[in-house]
Amino acid sequence: ASQAPAADARPSAIVLGHRGACAYAPENTLASIDMARQLGVTWVENDVQRTKDGHLVVIHDATLARTTDARQVYPDRAPWNVSDLTLAQIEKLDAGSWFSSRYAGERVPTLDRYLARVERNRQNLLLEIKEPRRYPGIERQIADTLRRDGWLDQDHVARRLIVQSFSATSLAAFHRLLPQVTTGLLGNPPVSELKRDAAFADQINPDGNRVPPGYFAAVHAVRGPHGRPMRAFAWIVNDPRTAVRLTREGADGIITNKPDVMRKALAAV
Ligand code: G3P
Ligand code: CA
């Protein structure tokens, strides 16, 4: 007979694919979340920004220079800010070739298309409000998009959606708009500030390389806006031994570029 779990046993950490599965496919593209699905990854992380004509798109950098062929297509538009080009202009760009010729023709997805693909894949989403100071009002726009695309029903809100940001101001604004949605504050705030952050954040999602001893326990000891103990997802963890150590220390999630490697490493924890 199998041994009963110890009384203090806790479930292993959730594995979240960073920008999809960005070690294996171009980050923040539909191909990247499809790759995550193929690897059996149920949670994907993304980054949301806004075009010149007001469309929400999924991309990490504030410029298109690193992850598209914008330099070649629009040589006179330096520094190729997302906010300086229209959606029609951005949709002409190749967001896959920089990674591998295998992904030539991949596009920067709109948030609408991205949400539809996550839904089709039956995945869950950790959505990051990126660079919010560049995009006044983006919190309301994200809230409206989530509502329109069916991401605010009971199932999505209870189990399938978390919204995070490095900006406490932006996250607090989002929480005021949609208090039912689970939220995460990115960064490693000192323990003395956790109670203040708990007014609007259900999670503290820290840089996994800068977590002091006892930090996860301190986070768990504080209750977030929904009355639940706060949780913590650590990023960006690509080394299996670090993932195991952080999980043993109390991390509730591991955000990683290599979700297949982390799933295998954590299966035994
Ligand atoms: O989800 C955590 C992580 O994405 C934060 O850093 O720069 O990759 O958005 P960054
Ligand atoms: Ca991110």
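Computed from heavy atoms alone, side chains included, the values below leave out hydrogens, waters and symmetry copies. Model, not experiment: these values are computed from the prediction. In each ligand, atom 1 is the first atom listed, and ligand 1 is the first ligand listed.
By the 4.0 Å N-to-carboxylate-O rule, Arg160 lies close enough to Glu119 to be salt-bridged with it. Between Asp260 and Arg263 no salt bridge is recorded (no basic side-chain N to carboxylate O distance below 4.0 Å). A salt bridge links Asp155 to Arg159: at least one charged side-chain nitrogen sits closer than 4.0 Å to a carboxylate oxygen. Using a cutoff of 4.0 Å between basic side-chain nitrogens and carboxylate oxygens, Asp112 and Arg148 are scored as salt-bridged. A salt bridge links Glu27 with Arg66: at least one charged nitrogen is closer than 4.0 Å to a carboxylate oxygen.
Nearest protein neighbour of atom 7 (O) of ligand 1, counting heavy atoms only, is His60 NE2, 2.7 Å. Scanning all protein heavy atoms for the shortest distance to atom 4 (O) of ligand 1 gives Glu45 OE2, 2.7 Å.
Interface of Glu128 with ligand 1, defined as ligand atoms under 4.0 Å from a residue heavy atom, comprises 4 (O), 5 (C), 9 (O). Atoms of ligand 1 lying under 4.0 Å from at least one heavy atom of Arg19, given by number and element, are 7 (O), 8 (O), 10 (P).
What you find for Ala198 and Arg223 is that their closest heavy atoms are CB-O, 3.3 Å.
At a 4.0 Å heavy-atom cut-off, ligand 1 touches Leu186 through the side chain alone. Under 4.0 angstrom from ligand 1, the non-hydrogen atoms of Asp47 all belong to its side chain.
The shell of residues lying under 4.0 angstrom from ligand 1, judged by heavy atoms, includes Phe166.
Residue Pro225 is tested with Asp197, Asp202, Thr182 for a side-chain contact (heavy atoms from CB on, under 4.5 Å); the sole match is Asp202.
Side chains of Asn46 and Val118 form no contact here, defined as non-hydrogen atoms less than 4.5 Å apart.
Between Tyr114 and Trp151, the distance separating the two ring centers is not shorter than 6.0 angstrom.
Protein nitrogen, oxygen and sulfur atoms, that is N, O or S, within less than 3.0 Å of the Ca ion (ligand 2) amount to 3.
With a 6.0 Å radius and a threshold of 12 heavy atoms from other residues, nucleotides or ligands, Lys258 has its NZ atom at or below the threshold.
When His18, Lys130, Gln164 are checked for heavy-atom proximity to atom 1 (O) of ligand 1, Gln164 turns out nearest.
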